[in-house]
Amino acid sequence: MAIYCCNAHGKAASQIRKKVQSAIDAGRIYKPVGPHREYALRMMDAYKKPLNVIHLTPEVFDNWFRVAA
């Protein structure tokens with residue numbers, strides 16, 4: 001099942017994802033321009049949302065050491 005209408009759009013999406021991810025990993029701001037700007041902005045919003053957040057409380061921290069011991 002194809003996700004994109006053609007290989008060119010699939011490659012463009014892949015390049016945008018790489019640019020967005022590398023900018024976020026480096027702590028830089030990526031300012032998209034050009035015809036795929038909206039797609040890049042959606043990707044940036046998706047990367048900003050934490051997928052799995054663990055709130056580290058003293059109880060959680062102590063439990064990790066009890067389990068590891």
Report task. Using a 4.5 Å cut-off on heavy atoms from C-beta on, say whether the side chain of I16 contacts that of P32. Result -> no
Query raised in the report: Partners of A12 by side chain to side chain contact (heavy atoms under 4.5 Å, CB included), sequence neighbours excluded?
Result: H36
Requested in this report: With sequence neighbours left out, write down each residue that passes side-chain hydrogen bond (donor to acceptor under 3.5 Å, both in side chains) with E59, or none if nothing qualifies.
Outcome: T57
Query raised in the report: For R42, what residues pass the side-chain hydrogen bond (donor to acceptor under 3.5 Å, both in side chains) criterion, not counting sequence neighbours?
Result: none
Query - Separation between NZ of K31 and NZ of K19, rounded to the nearest 0.5 Å - result: 15.5 Å
Query raised in the report: With Q21, which residues qualify under side-chain hydrogen bond (donor to acceptor under 3.5 Å, both in side chains), at least two apart?
Result: D25
Query raised in the report: What is the minimum heavy-atom distance between A40 and V20, and which atoms define it?
Result: O-CG2, 4.2 Å
Report summary line: Taken in chain and number order and not counting sequence neighbours, the residues that satisfy side-chain hydrogen bond (donor to acceptor under 3.5 Å, both in side chains) with D62 are none
Query raised in the report: Considering residues at least two apart in sequence or located in another chain, which fulfil the side chain to side chain contact (heavy atoms under 4.5 Å, CB included) criterion with S14?
Result: R17, K18
